[in-house]
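Note sheet for the following structure.
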Amino acid sequence: MIKFFEKLLSIIYTRPCFYCNSTKEDNILCSKCRRKINYMPPSVLKEIYGCKIYACTLYEDVTKKLIKDLKYNKKKYLAKLQAEIMFEYFSRLNLSDNFLVLSVPIHKNRRKERTYNHMDLAADEFCKLTGFKNNKKFLIRTKDTKKQFNLHKAERIKNIKNAFDINTNENVNKDEKLLIIDDITATGITFEEIIKLLKNNGYNNLTAMALATPDIWN
């Protein structure tokens, strides 16, 4: 009887893989689905105003669903998985610097609608793995932009222009090494706008990294 209830409890509380729903491993992402992640080479994807841009994976399969579920479906527990994937890639870069992490902010209207910023959650988990500090208040989104991914390049540039500002109440040293992180970079335009803002305000030690990028930038 005891063994029966133990087996029943294990079935009830077994955590399914978020991607395939398998309960064989009691893991957020099973080993079979983890092997589907297509990691990018540990090299610079693009350089913008002297800032090196990295992308951890291709935007497909697992990371595509991960981004959607964390961002829109309130599956906050996936922030830990996103951080683990980013950390695995980041470790391959051999960047020995101690960074201050800045997650790309969302507008207050979007935060009210979703009740959280998915990238704040991911940044918190990433910092637990790296030992870095996360400043969620320094960057501010002043413009309630449309979703970038559905827009053409010219529309994306117009949409994101002057969308960010810095919070001068946050005391961030100009010599601080800053790591800007986001979930996806399709053209680099969001990173470019933030990099330009930071450099115009005297912050020059910048690196940027996204969880995923499409196969072809457009």
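Worth knowing before you read on, the calculation uses all heavy atoms, side chains too, and leaves out hydrogens, waters and symmetry mates. Only a predicted model underlies this, so the values are computations on that prediction, with no experimental measurement involved.
One N or O on the side chain of Asn117 and one on the backbone of Val104 form a donor-acceptor pair closer than 3.5 Å. Within the 3.5 Å criterion, the main-chain N or O of Arg15 finds a donor-acceptor partner in the side chain of Asp26. Looking at Thr213, its side chain does come within 3.5 Å of a backbone N or O of Thr185 through a donor-acceptor pair. Asp97 places no side-chain N or O within 3.5 Å of a backbone atom of Phe99 that could act as its donor or acceptor partner. A donor-acceptor contact shorter than 3.5 Å links the side chain of Lys174 to the backbone of Asn201. Panel note: side chain Thr130, backbone Phe87; no donor-acceptor pair is recorded below 3.5 Å. Of the possible polar contacts, none joining the Asn73 side chain to the Lys75 backbone as a donor-acceptor pair under 3.5 Å is found.
A ring-centre distance under 6.0 Å is found for Phe90 and Phe126.
No side-chain heavy atom of Ile67 sits less than 4.5 Å from a side-chain heavy atom of His118. Side-chain contact check for Lys76 versus Thr115: some heavy-atom pair is nearer than 4.5 Å.
Residues satisfying the side-chain hydrogen bond (donor to acceptor under 3.5 Å, both in side chains) test with Asn135, not counting sequence neighbours, are Glu170.
Using a 4.0 Å cut-off between charged nitrogen and carboxylate oxygen, Lys80 and Glu84 count as a salt-bridge pair.
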Throw together a table of side-chain donor-acceptor distances under 3.5 angstrom for residues 34-44, partners on residues two or more places apart or in other chains.
| residue | atom | partner | partner atom | Å |
| --- | --- | --- | --- | --- |
| Asn38 | ND2 | Glu60 | OE2 | 3.3 |
| Tyr39 | OH | Glu88 | OE1 | 3.1 |

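With respect to Ser103, the side-chain hydrogen bond (donor to acceptor under 3.5 Å, both in side chains) criterion is satisfied by exactly one of Asp182, Asp120, Asp124: Asp120.
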